[in-house]
Structure formats: C-alpha cells, structure tokens
There are 2 protein chains.
Amino acid sequence: MNTLSYGLLSLLSKDSRTGYELMQHIQPFWPAKHSQIYPLLALLEQKGYVEFVHVLQSDKPDKKVYSLTEIGLKALQEWIGLPTDPPVTRDEFALKVYCIGLVNKAEAMRMLLERESYYIGKKERYMESYERVKGQSEKPLEELEIHDPMFGNYVLVRKAVLKVDADLLWCEWMKSKLK
Amino acid sequence: MNTLSYGLLSLLSKDSRTGYELMQHIQPFWPAKHSQIYPLLALLEQKGYVEFVHVLQSDKPDKKVYSLTEIGLKALQEWIGLPTDPPVTRDEFALKVYCIGLVNKAEAMRMLLERESYYIGKKERYMESYERVKGQSEKPLEELEIHDPMFGNYVLVRKAVLKVDADLLWCEWMKSKLK
DNA sequence: TACATATATGTCAATTGTGACATAACGAGG
DNA sequence: CCTCGTTATGTCACAATTGACATATATGTA
C-alpha cells in the first residue's frame, strides 16, 4: 500500500466520497490524476478497506460513493503512527531562477509577475476554502480542538495560507530586486 | 528532454560539476537520486549539451567533471522562456494531519514535535547555505543584481528560508492548538 | 451547430522516479 | 579487524505518475 492509498483512506475517514471528489480534494497535499485514483480505489475495495454504493443520477453521470470500512479504519490508524516521509517539492520555476541572469531584467520581471499571479489565484482559492470551513463549523474556528471533525480542515487551510503568503512575500521582495 | 535535464543544465551554467555534486545541489528544488542523474548526463552528453573531462583522484574515486557546451546553453535559454509548470508538493504529514483526530493529543503532539525538529534542521542547513553564499560573494548580498553570478543562489536561499519559516510558524501555532 | 467545460468512471502505454545491487578507496569508530 | 559513512559512477527491476484515449450527459458559449 502506497502513501496515496492511505491518503484516500484519510479523506474517507471524515466523509463518504466519490473517486472524482477524492481526486479534487487531495490535490493540495498529494496531487494525483483520476487515472491513478480509480485503480487504487478498486484495490482498496478488493482488500476490504473501503466499500461503495452506486448512486444513480439523472442530470449527471452515475457515481460510486466510497466509504471507509472497519478494517480500513484500523489500517489508517496503524499508518498514522508509522514514520512519516519528509515533504517533497519539485519547482521548475526555482530551477529557472537559479540561472535567471541568462535573460534580461524585463523578461525576468515578466516571469516573476506571471508566477506571482499564479500564487495570488492560489491564495484566493485557499481563502474560499477557509470561508467554507468557517461556514461548516458549529464553533468559531479558534475554539476547535483536535477531536472536532473540522479540526483537520481548519489547520490544513491555515498551513496552506501561511505557505502561499511566504511565496507572495518572496515575489514582492524579488520585484524590488528586479527594479 | 524532461525538466530534470534542464535543471542539470541550469546548475552547469554557473559551474562545472560532477554528477555527484549535481545530485547534491539540485535536491532543494528538484529531489533526484544519482540513479536518475547519471543516465540523464549520459544522454545530455550524447546530444552535445554537456561535455566532461576525467579527473583522476588518489584519495577519492576518479570523477567526471561536466560542463555546459554552446548548444547546451542555447537549449537552456530557450527553455527559460517556455511556460513553467506550477510547483508540486507531496506531503504525507499533511495527509495524516487531516485525520489527526484519530489519535490522542499526546500522540499528535509527538508527531508535531518530530516534524518541527525536521524543519529546524532544514532551516539550519539553509542558514549555512546563506553564510556560504555571503562568503563567496564579493559585494554585500543586498546589492547583488540579476546578472551577478551569485544572484540566483542568493534569492533561492532567501526563498527556502521564507518557506521553512512559514512551516515553523505553523508548527508553533499547532503546538498551542494541541495544548 | 459546433465546441468547450464539468461531472463521472475507466484503461493503458510511456515516462519518471525509487531502491537495491555492484564496485572501489579512504577515514573514523568500535 | 570489521563496519559504517562519504565520495564517485553505473545498471536494472520495480513502483509511481502522467497523458491520451474512451464513453456519456448536461450546460454554457461562439
């Protein structure tokens, strides 16, 4: 069982979801395409870690709603205690920045502004997530504690916002360097 | 030609390096093992983008020092202008945090402290890089501009420090949540 | 009318990346 | 003396991931 499989179990521990929804929601922490998710879900179902019900829809295609089983929950709990791999980031832009002296200031500024607007868009989406979490929570977010069902969502949105703020801060600083 | 290949050219645009050194220096932005680097270097050499000289060493194993060729430089310059893929991060810890409510506060705190010390170690190494860059630069770092050979190193260390500071800030904030 | 996008699931070939094996010499520690 | 870590290069089987293809319906757009 690979990390992505456990990631899917992790999402399913809160809510029953379709493969399509799992694919959408796991993106910020473990980007994966549907072509990777669907075969893994079939494997997880084979092993009895998840089960699904067919849900017929008239307006949209029918779907399979997956949920975590008892033994899936046990597997998930065991995995949490196991050693955790360090995060891995692959950043093509950073590779380009290393040799940015090969282009002129104007071109470098163009690239930087493009990257900055990418981060601005990301931050906007994270802020929308934050508002969604706030709307779904019964308590004020600051009062949530570890066993509250929204705790994970809350602290992860916070993590994402802090990181994108750091990226935006660097972009701002870089702009002053390229003036 | 994949992104990692261009990353190698990018590093070689500043200094001639061995495959082993390239493997070490590309880690922060594009983690790759030597088993991936060496075959790519052979391909790049076949295409004429890089060339190497054998350097015999008595105390350590002999090595191959690679450098960028004219046509390698041209390929690198073309790549810089091309659209840049967004950064990709895979974070197993974040997947665990999503369902952290499955374990008790003490266990969650243990995991968090472990992750925090990982980030502290990373920050220390980045600060060492910063000092190394400062030592190698002729001008004060604040005065470096885009065409200075140390500019890329300087702004990337700054980027790395800002990001790890954001991670540490989140850890600090999380500790207060788990008290 | 035609085309793009979103929902929804699935397969498969090709590419990318990992972990183990192989070799070899040095220095440090038990 | 033996093992471990570092330097240094290389191969190879396997696992993880991507991108294209396939299908179907609804909705919005040119």
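Treat the numbers as computed from the prediction; the structure is a model and nothing was measured. Chain identifiers are assigned alphabetically (A, B, ...) following the order of the sequence lines, protein sequences preceding nucleic acid strands; residue numbering begins at 1 within each chain.
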Between [N] and [X], is there an OP1 or OP2 to side-chain N/O distance shorter than 4.0 Å?
| X | N | value |
| --- | --- | --- |
| A/Q57 | C/dA8 | yes |
| B/K33 | C/dG19 | yes |
| A/Y20 | C/dT9 | no |
| A/Y38 | C/dG10 | no |

Listed nucleotide nearest any side-chain atom of [X], set [options]:
| X | options | value |
| --- | --- | --- |
| B/P61 | D/dT9, D/dT7, C/dT18 | D/dT7 |
| B/H34 | D/dA16, D/dG10, D/dT18 | D/dG10 |
| A/R90 | C/dG17, D/dT9, C/dA8 | C/dG17 |
| A/K63 | C/dT18, D/dT9, C/dA8 | C/dA8 |

Salt bridge check: are B/R125 and B/E128 linked by an N-O gap of less than 4.0 Å?
no
Of A/V88 and A/S35, the one whose closest DNA chain C nucleotide lies more 5'
A/S35
Rounding to an integer number of Å, can you tell me how far [X] [atom1] sits from [N] [atom2]?
| X | N | atom1 | atom2 | result |
| --- | --- | --- | --- | --- |
| B/K60 | C/dG27 | NZ | C1' | 12 Å |
| A/L41 | C/dA8 | CG | C1' | 13 Å |
| B/H54 | D/dT9 | NE2 | C1' | 10 Å |
| B/I37 | D/dT9 | CD1 | P | 11 Å |
| A/L4 | C/dG17 | CG | P | 17 Å |
| B/E45 | D/dT9 | CD | C1' | 14 Å |
| B/D62 | C/dT23 | CG | P | 18 Å |
| A/R17 | C/dT7 | CZ | C1' | 16 Å |

I want to check a possible cation-pi pair here: A/K163 against B/W170, using under 6.0 Å from ring centre and within 45° of the ring axis as the test.
no
Face-on cation placement of B/K14 at A/Y98 ring, 6.0 Å and 45° thresholds:
yes
Between B/P39 and B/E21, which residue's closest nucleotide on DNA chain D lies nearer the 5′ terminus?
B/E21
Hey, what's the ring geometry for B/Y154 with A/W173, parallel, tilted or perpendicular (30° and 60° as the breaks)?
perpendicular
At 4.0 Å (heavy atoms only), tell me whether B/Q24 reaches a base, stays on the sugar-phosphate, or touches nothing.
sugar-phosphate
Assess, by modelled atom type and distance only, whether the side chains of B/K96 and A/T84 contain a donor and an acceptor separated by less than 3.5 Å.
yes
